[in-house]
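Report on one structure; see the data block that follows.
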Amino acid sequence: MSKRKIILLAITTIIVGFLVYRFLLPHRKMKIEKSHSHVLYEPEISEFNFPVYLSLKDIELLANRKLKTVLINKTVPAMNQKDSLIIYLKRTGNLKLKMEGDYIYSELPLHADVGLIKKFIGNSSIKIGNKNPISFDLIVRAKSSFSLDPSIKLKTKTVISEIIWVNEPNAKIAGIDINLKNVVEDILQQRQDELTKRLDEILASKINLKKPITRIWGNLQKSIRATKHQPDLFVRIKPEKVTVHVDKSNSDSLKLNLHILSKVYSRFGKDTMDIPKVPLLRRVDIQKEYDHDYTSKISIHLLVPLKKINETLENQLTGKTFLIKGYQLKIKKIEAIIGKKNLYLHAKISGDLSGNVWVQGIPELTHKNTLLNIKNVDIETVFNNKVFATIADMFNEEFRELIDDALVFEVGDIMNNITTFAQSGVGNTKFGIKNDVKINDISINNIDLKLNKNDIQILINGSGNFSLSVKKEGLKLKKFEFNPQ
């Protein structure tokens, strides 16, 4: 065979092969437009509002444990600066607290022994009442103004407001009855800093507001199961800012209204660790007036990786069999491809017939039932022989039903359970034992889907009319019995 004939035969073979491929063998008509985007979106700021109660009874109990029995034991100059008084002051009972308006009112029962050192001539002195000091009982009432500074420290300023005499201090000096009531009151007023400063120190140390807020801040960032339908899907709340308002309207407790701005993420498995934990800021915003209600804004960023979609498809669809007109077909392999607007599926079919199935559809998350599914589904099955086109049409219908069940991702309970996430995050603080959650309504306002090359991102914006509080049953501390000894 001449060289010219060989070349002509080769050209003829190529042309015939092309014609067979083009007109006799089946082809995919569906056009695939892959996404090349790699943008990682961020959720909008979520707002959580809830109060934390600090029981006044607990504060009172903790203060009494810290308050010493002997409060003053020293010699002080009398009003005339010549004489001196030996004062021994101790408490005889527990400190009692109550709150009204902008003040914490306190009441403390005391017993006093006073010895008078009287100077008569020159520098010589005679001690009167040293062996038999004047003894009397009194009740000191004080009021403390209080506020919170940006470092979450309670600031109090206590002043003595009233002295109630249980029995008055009377002394007989040189046969003369002398009432020392005014003298003792003046001394207590002059020395009140020794009493009030100690009380302010105790209140500041025992009402450690930063500790429960820090704990809430940390607990909110723990990864929590998002839904019972996806065991490896977690929610991570990332708080960014907290505003605190001290509510003084309750007589039995100190109430903090916390307004926490956060970002909420939902991730699969180890992807949750990509959300970094953040420490509580050193300084917070203190609000004089509380202008937030219990309606909380909730925004969630849910990231569904392509590998997770393929893993789900592999587990649910690979190996599925179909019997159509006596032909046994099986899904040998299936994978997803994320497009610019569509989600594509490509499945390889084996069995009595072999071929490929191509699916395209638009991902959507419905408001009504909050299910992630595929709408406007188009299926194209291409067997390796065009003779089986009728079987392909029948296969398409069965395959459509199959993917309708497989490509459904329920996310509604993530939104409905967001209050539980916050409640679990708050946990038990030092000043609260139980959490109380009241949910009136959780609604989804807007859903936006973003398609990347390697993931689908779902941005869910909603609102919830709920309140979350650390209830004020208190710490259930053991009762403190005062022992003057």
Side-chain angles (χ1 to χ4, degrees), residues 12-35 229-232 268 304-366 369 371-411 449 451 453-456:
T12 303
T13 303
I14 293 173
I15 293 174
V16 171
F18 173 78
L19 293 175
V20 171
Y21 175 80
R22 180 67 180 84
F23 296 104
L24 296 180
L25 294 180
H27 300 283
R28 170 173 60 87
K29 298 177 182 179
M30 188 179 294
K31 186 178 180 180
I32 306 296
E33 295 182 354
K34 295 183 178 180
S35 171
H229 304 286
Q230 298 287 338
D232 58 342
F268 284 92
V304 184
L306 177 59
K307 62 181 180 181
K308 181 62 182 179
I309 297 174
N310 284 328
E311 179 185 307
T312 302
L313 292 172
E314 183 77 16
N315 292 336
Q316 294 191 25
L317 300 183
T318 299
K320 290 285 185 181
T321 58
F322 305 83
L323 185 61
I324 300 177
K325 291 240 177 188
Y327 292 95
Q328 181 107 9
L329 308 176
K330 183 173 74 171
I331 299 177
K332 183 179 180 181
K333 184 179 180 181
I334 186 169
E335 65 175 351
I337 302 167
I338 300 177
K340 294 179 179 179
K341 294 182 179 180
N342 295 301
L343 179 66
Y344 301 96
L345 302 182
H346 175 215
K348 290 186 176 182
I349 305 301
S350 62
D352 294 338
L353 300 175
S354 61
N356 294 274
V357 181
W358 296 90
V359 181
Q360 76 172 10
I362 300 175
E364 70 167 353
L365 191 65
T366 60
N369 52 13
L371 295 176
L372 175 62
N373 51 22
I374 307 297
K375 69 176 183 178
N376 299 335
V377 175
D378 184 21
I379 302 178
E380 181 182 348
T381 299
V382 180
F383 290 123
N384 294 337
N385 192 324
K386 277 190 171 182
V387 175
F388 299 101
T390 304
I391 295 179
D393 291 338
M394 298 176 65
F395 177 80
N396 288 348
E397 291 303 316
E398 292 198 26
F399 195 77
R400 183 188 301 273
E401 294 180 6
L402 190 65
I403 63 172
D404 281 346
D405 293 333
L407 288 178
V408 172
F409 184 78
E410 188 170 347
V411 298
L449 272 72
L451 303 184
K453 180 179 179 180
N454 296 316
D455 56 63
I456 296 177

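Just so you know, these numbers come straight off a predicted model, no measurement behind them.
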Approximate separation, where rounding is to 0.5 Å, of [X] [atom1] and [Y] [atom2]:
{"X": "N396", "Y": "T381", "atom1": "CG", "atom2": "OG1", "result": "3.5 Å"}
{"X": "Q360", "Y": "K31", "atom1": "CD", "atom2": "NZ", "result": "11.5 Å"}
{"X": "I324", "Y": "L329", "atom1": "CD1", "atom2": "CG", "result": "5.5 Å"}
{"X": "Y327", "Y": "I391", "atom1": "OH", "atom2": "CD1", "result": "5.0 Å"}
{"X": "L449", "Y": "L451", "atom1": "CG", "atom2": "CG", "result": "6.5 Å"}

Practice prompt. Kindly write out the residues that satisfy side-chain hydrogen bond (donor to acceptor under 3.5 Å, both in side chains) with E398, not counting sequence neighbours, or none if the list is empty.
Written response: none
Worksheet entry | Pairs flagged by salt bridge (charged side-chain N to carboxylate O under 4.0 Å, His left out) wherever residues 304-330 is involved - sequence neighbours left out | D232-K308, K308-E311
Fill in: Check: N342 and D378 side chains under 4.5 Å, non-hydrogen atoms
no
Discussion item. Taking the side chain as everything from C-beta on, heavy atoms only, tell me whether L306 gets closer than 4.5 Å to D455.
Written reply: no
Worksheet item: Taking R400 for the side chain and V377 for the main chain, is one N or O donor matched with an acceptor at less than 3.5 Å?
Response: yes
Practice prompt. Measure across F268 and P305 and return the closest heavy-atom pair with its distance rounded to 0.1 Å.
Written response: CD1-CD, 3.8 Å
Name each donor-acceptor pair under 3.5 Å that joins a side chain in residues 344-352 to protein atoms two or more places apart or in another chain, with its distance.
from: Y344; atom 1: OH; to: E33; atom 2: N; distance (Å): 3.4
from: H346; atom 1: NE2; to: N356; atom 2: OD1; distance (Å): 2.8
from: D352; atom 1: OD2; to: Q328; atom 2: N; distance (Å): 2.7

Practice prompt. Could you tell me which residues satisfy ring-ring contact (aromatic ring centres under 6.0 Å, His included) with F395, sequence neighbours excluded, listed by chain and number?
Written response: F322, F399
For residues 332-341, run the donor-acceptor check on the side chains, cut-off 3.5 Å, and write out each pair with its distance to 0.1 Å, sequence neighbours left out.
none

